[in-house]
There are 2 protein chains.
Amino acid sequence: MKNIGKRPRGRPRALDRDEALETALQLFWRHGYEGTSVADLTAAMGVTPPSLYTAFGSKERLYQEALDRYGASYGSFTARALAEEPTARQAVERILQESVAVYSEGPAPRGCMLASGAVTCAPEHTMVVADLSKRRLATISAIKARLDRAVIEGELAPSTDTEALAAFYAAVVQGLSIQARDGVDRDVLKTIAATALNAWPGAASGR
Amino acid sequence: MKNIGKRPRGRPRALDRDEALETALQLFWRHGYEGTSVADLTAAMGVTPPSLYTAFGSKERLYQEALDRYGASYGSFTARALAEEPTARQAVERILQESVAVYSEGPAPRGCMLASGAVTCAPEHTMVVADLSKRRLATISAIKARLDRAVIEGELAPSTDTEALAAFYAAVVQGLSIQARDGVDRDVLKTIAATALNAWPGAASGR
DNA sequence: TAATTTTTATATTGATCGCTATGAAAAACA
DNA sequence: TGTTTTTCATAGCGATCAATATAAAAATTA
């Protein structure tokens with residue numbers, strides 16, 4: 001008899017991988033990579049270290065999986081806004097607004113997991129810093145690609161520096177992330193987002 | 001005989017306190033609070049742990065002293081721009097430009113020590129996170145105070161939301177800090193700064 | 001020179017770090 | 001039932017964490 005769609009051979013795992021990954025995401029989001037210990041993770045998951053290592057390999061790989069999960073859930077609004085909104089400007093506007101909503105949510109605001117995860121780090125964790133950096137730069141590239149399309153479609157002037165404009169809005173989002181964690185009032189964050197839109201090429205900034 | 005202006009009684013310290021503090025500043029700036037160990041610090045200073053502890057008390061107090069030193073040296077351009085420039089707009093412009101210069105300096109850009117020091121942290125280091133947060137918020141307040149003065153002097157309309165405008169430019173500076181660390185090209189950073197100025201109330205953002 | 005004071009270096013402290021060797025437990029196979 | 005396979009919990013690995021107890025070293029003071 002073949003084993004198709006049935007249980008595998010050994011002892012079934014007590015660890016719900018999906019649930020455990022969400023727990024890891026929450027801890028890493030709040031405390032960052034270096035601020036979250038394996039003991040913290042296993043305690044929150046309700047398992048012992050060997051179970052964690054069998055399921056995820058290492059703390060570093062678990063962190064990367066948590067980042068992937070973040071990008072596919074809480075952090076997915078950026079990609080969705082870029083894909084769904086009819087204009088680049090509306091996409092950027094939605095990104096700014098949803099950033100405020102997601103980052104300042106809950107009793108202890110968490111900001112952006114990519115922006116606040118591990119900007120600085122011990123030399124031995126360079127890989128983690130580089131990985132996060134890559135993900136942040138990828139976000140800028142995604143915004144830039146949408147702006148380039150807007151140039152082609154005539155929404156933006158051909159002379160537009162799309163790379164710098166994308167980096168500018170990414171910078172505002174990163175700043176929103178830090179200030180959300182600092183407890184800056186949500187209304188202020190919303191106004192920051194609105195102010196950033198005044199820098200949109202050709203926009204008349206209000207008096 | 002009294003001891004006035006002479007050497008104190010005991011064995012003279014081999015540790016140059018000022019020099020050691022600058023060394024600590026550099027390490028903390030690069031690797032953050034959690035990413036810098038006492039062993040790293042003593043090794044770079046060329047002393048043994050007891051010397052560090054008699055001179056600075058604890059790692060946490062040394063970090064705070066390093067932050068003070070940063071604010072009085074590398075990070076002093078903000079306060080100076082706010083005090084020296086004739087208009088609020090020129091002050092903000094200078095802050096943005098000098099941010100780019102300072103944050104992207106050197107072979108391994110360090111960003112802002114306040115913005116990248118310890119956004120996330122282990123629960124047992126909450127004091128450090130809170131201290132950094134307080135310093136970042138103080139910067140926003142300083143900018144706001146200058147904008148309030150600009151309102152009084154007629155440079156800005158009375159309806160201006162000075163708190164949000166100050167928070168906006170602080171957010172851009174914080175984003176610049178992150179992207180400088182990520183290795184974003186210096187010219188792009190400069191254009192981000194210029195773009196942010198287009199959001200200045202009443203400014204016409206270029207086509 | 002002898003006593004006092006302060007800093008120094010050596011060596012360690014207990015705690016925690018990420019991680020794993022070991023063997024029992026729990027399932028599917030034969 | 002007995003074998004095989006996989007995960008489980010117990011316990012502990014060496015390394016590193018921030019911080020110190022101890023006592024020798026180096027200065028001033030008497």
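By convention in this document, chain letters (A, B, ...) are assigned in the order of the sequence lines, proteins followed by strands, and residues within each chain are numbered from 1.
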Could you state the atom-to-atom distance from [atom1] of [X] to [atom2] of [N] in whole Å?
{"X": "B:Met45", "N": "C:dA9", "atom1": "CE", "atom2": "P", "result": "13 Å"}
{"X": "A:Lys59", "N": "C:dT16", "atom1": "NZ", "atom2": "P", "result": "15 Å"}
{"X": "A:Phe56", "N": "C:dG18", "atom1": "CZ", "atom2": "P", "result": "16 Å"}

Next item on the list: Would you verify whether the NZ or CZ of B:Lys59 falls within 45 degrees of the ring axis of B:Tyr53 while also being under 6.0 Å from that six-membered ring's centre?
Entry: no

Side-chain ion pair, [X] and [Y], N-O less than 4.0 Å:
{"X": "A:Asp68", "Y": "A:Arg135", "value": "yes"}
{"X": "B:Arg80", "Y": "B:Glu85", "value": "no"}
{"X": "A:Lys134", "Y": "B:Asp182", "value": "no"}

Check: Between A:Arg110 (side chain) and A:Ser104 (backbone), is there a donor-acceptor pair under 3.5 Å?
Finding: no

Check: What is the minimum heavy-atom distance between B:Val100 and B:Ala193, and which atoms define it?
Finding: CG2-CB, 4.4 Å

Next item on the list: Taking all non-hydrogen atoms of both residues into account, name the closest pair between A:Met113 and A:Leu25 and its distance.
Entry: CE-O, 4.0 Å

Notebook entry, point to check: Can you list, by residue number, the residues of residues 25-44 of chain A that have a non-hydrogen atom closer than 4.0 angstrom to DNA chain D?
Noted result: none

Notebook entry, point to check: In B/S/- notation, 5' to 3', how is nucleotides 2-12 of chain D contacted by protein heavy atoms closer than 4.0 Å?
Noted result: --BBBBSBB--

Notebook entry, point to check: Is the distance from OP1 or OP2 of C:dT20 to the nearest side-chain N or O of A:Tyr53 less than 4.0 Å?
Noted result: no

Note to self: If I take atom CZ from residue B:Arg69 and atom CG from residue B:Leu21, how far apart are they, to the nearest 0.5 angstrom?
What the structure shows: 5.0 Å

